[in-house]
Amino acid sequence: VLDISVDFVNISGFTILSYWVFNYYGWGGIYLGSCNNNISYNIIKGFCDEMQIGIEVSDFSNNNIITRNIIFDHQTGIYLSDSSNNLIKNNNFSGNWVSIEGHNSNNNTIKDNNFKKNEHDIILEDYCINNTIISNTFSNVRCCVCINIRYSNSNTILNNTITSVP
């Protein structure tokens, strides 16, 4: 729906219904292919049975702030690929297959987010290095894992709260 390929953009106050939309990058709501952007105070709703992403941060998109969004009913809420030094803070995730998924993304901070009734909450894999997952709340995980880190190293996980995991 929104394709951001220039730096220093502020996206705030939108309601995005990201239903079966296909573009060059994939399915979904917001695509960031740039740096130093602020994505805040948005409601981003998907349809989880479709392959789609709420916010995609790819192609060396660095130093972005994603904060105070409501992201729900997506295949992947936020997808990080080849992107570093991003802050994902104070967001609410629910009803997603995966809330945050990262590949080859380094030095990102995932902080003070609320995860509720997702299948998987955070997956970092394939050389995600030196990321910080701190002070998040995980509740009512539907199926599998709150935090899954594979083929990655030097990540920090601190002061998270996990409740009601089956």
Side-chain angles (χ1 to χ4, degrees), residues 4-5 7-9 24-40 44 46 48 51-72 74-166:
I4 310 303
S5 57
D7 298 341
F8 298 100
V9 173
Y24 175 76
Y25 307 102
W27 310 89
I30 298 173
Y31 170 79
L32 283 180
S34 55
C35 302
N36 300 298
N37 300 295
N38 183 0
I39 310 298
S40 61
I44 306 168
C48 199
M51 286 296 297
Q52 59 180 232
I53 297 168
I55 300 172
E56 181 172 342
V57 184
S58 296
D59 300 326
F60 306 101
S61 298
N62 305 320
N63 304 307
N64 295 294
I65 297 172
I66 301 171
T67 187
R68 300 199 182 276
N69 299 287
I70 299 170
I71 302 168
F72 63 107
H74 286 91
Q75 187 73 22
T76 303
I78 295 177
Y79 181 79
L80 295 168
S81 178
D82 299 310
S83 298
S84 299
N85 300 306
N86 296 292
L87 174 63
I88 300 171
K89 182 177 179 182
N90 289 320
N91 298 287
N92 290 306
F93 296 91
S94 64
N96 299 296
W97 180 254
V98 178
S99 292
I100 298 173
E101 181 176 353
H103 297 269
N104 197 34
S105 294
N106 306 316
N107 302 306
N108 297 293
T109 299
I110 301 169
K111 180 178 182 178
D112 297 325
N113 297 287
N114 292 305
F115 299 88
K116 186 175 183 178
K117 295 184 180 178
N118 300 292
E119 300 296 322
H120 309 269
D121 291 314
I122 299 172
I123 297 175
L124 300 178
E125 58 188 359
D126 303 327
Y127 308 105
C128 287
I129 299 168
N130 203 33
N131 296 287
T132 301
I133 301 170
I134 186 169
S135 299
N136 298 286
T137 301
F138 304 91
S139 62
N140 297 57
V141 177
R142 289 185 179 164
C143 147
C144 304
V145 296
C146 294
I147 300 170
N148 187 354
I149 299 176
R150 300 181 289 202
Y151 312 112
S152 301
N153 58 35
S154 301
N155 293 289
T156 302
I157 303 170
L158 289 170
N159 300 325
N160 296 283
T161 302
I162 302 171
T163 59
S164 300
V165 177

Rounded distance (nearest 0.5 Å) linking atom OG of S105 with atom CG of N62
8.5 Å
For H103 versus E125, what's the shortest heavy-atom pair and its separation?
CE1-OE2, 2.8 Å
Check whether any side-chain heavy atom of L124 lies under 4.5 Å from a side-chain heavy atom of Y151, and answer yes or no.
no
Can a donor-acceptor pair be found, under 3.5 Å and without considering hydrogens, that links the side chain of N91 to the backbone of N69?
yes
Between K89 and N113, which heavy-atom pair has the shortest distance, and what is it?
C-OD1, 3.5 Å
Considering all heavy atoms, the nearest S61-S83 contact
O-CB, 2.9 Å
Quick one: do the N114 and N92 side chains pair a donor with an acceptor below 3.5 Å?
yes
Quick check for you: to the nearest 0.5 Å, what is the distance between F115 atom CZ and N140 atom CG?
14.0 Å
N107 and N130: side-chain donor and acceptor closer than 3.5 Å?
yes
Sorted by chain and residue number, the side chain to side chain contact (heavy atoms under 4.5 Å, CB included) partners of S94 (sequence neighbours excluded) come out as F72
Going by distance alone, is a donor N or O of one side chain under 3.5 Å from an acceptor N or O of the other, for D82 and N104?
yes
Which atom of V98 lies closest to which atom of I123, heavy atoms considered
CG2-CD1, 3.9 Å
Show the numbers, then the answer: is there a side chain to side chain contact (heavy atoms under 4.5 Å, CB included) between I133 and I147?
CA-CA 9 Å; I133 301 170; I147 300 170; 4.0 Å; yes
So NZ of K111 and CD1 of I88: to nearest 0.5 Å the spacing works out to 13.5 Å
Nearest heavy atoms of H74 and G46, plus distance in Å
CE1-N, 3.2 Å
When rounded to the nearest 0.5 angstrom, what is the spacing between CG in N90 and CZ in R68?
4.0 Å
Could you tell me the separation between the CD1 atom of I157 and the OG1 atom of T132, rounded to the nearest 0.5 Å?
10.0 Å
Side chains of I39 and I65: closer than 4.5 Å at any heavy-atom pair?
no
Flag the pair L32 / N64 as yes when at least one side-chain heavy-atom distance between them is below 4.5 Å, and no otherwise.
yes
Could you tell me if N37 and S34 have a donor-acceptor pair between their side chains, going purely by distance under 3.5 Å?
yes
Mind checking whether T67 and L87 have side chains closer than 4.5 Å, heavy atoms only?
no
Would you please classify the geometry between the W97 ring and the H120 ring as parallel, tilted or perpendicular, with 30° and 60° separating the classes?
perpendicular
Check F93 against N118 and note the closest heavy-atom contact, atom names and distance.
O-ND2, 3.3 Å
Does N96 use its side chain to pair, donor to acceptor, with the backbone of I71 at less than 3.5 Å?
yes
For N131, does its backbone N or O pair with a side-chain atom of N155 as donor and acceptor, under 3.5 Å?
yes
Among N63, T109, N108, N106, exactly one meets side-chain hydrogen bond (donor to acceptor under 3.5 Å, both in side chains) together with N86. Which residue is that?
N108
List the steps, then state whether side chain to side chain contact (heavy atoms under 4.5 Å, CB included) holds for F138 with N160.
CA-CA 8 Å; F138 304 91; N160 296 283; 3.9 Å; yes
Can you list the steps and then say if I66 with V57 is a side chain to side chain contact (heavy atoms under 4.5 Å, CB included)?
CA-CA 10 Å; I66 301 171; V57 184; 3.7 Å; yes
N38 and F8: side chain to side chain contact (heavy atoms under 4.5 Å, CB included), yes or no, with the steps?
CA-CA 7 Å; N38 183 0; F8 298 100; over 6 Å; no
Spacing of I78 atom CD1 and S99 atom OG [to the nearest 0.5 Å]
8.5 Å
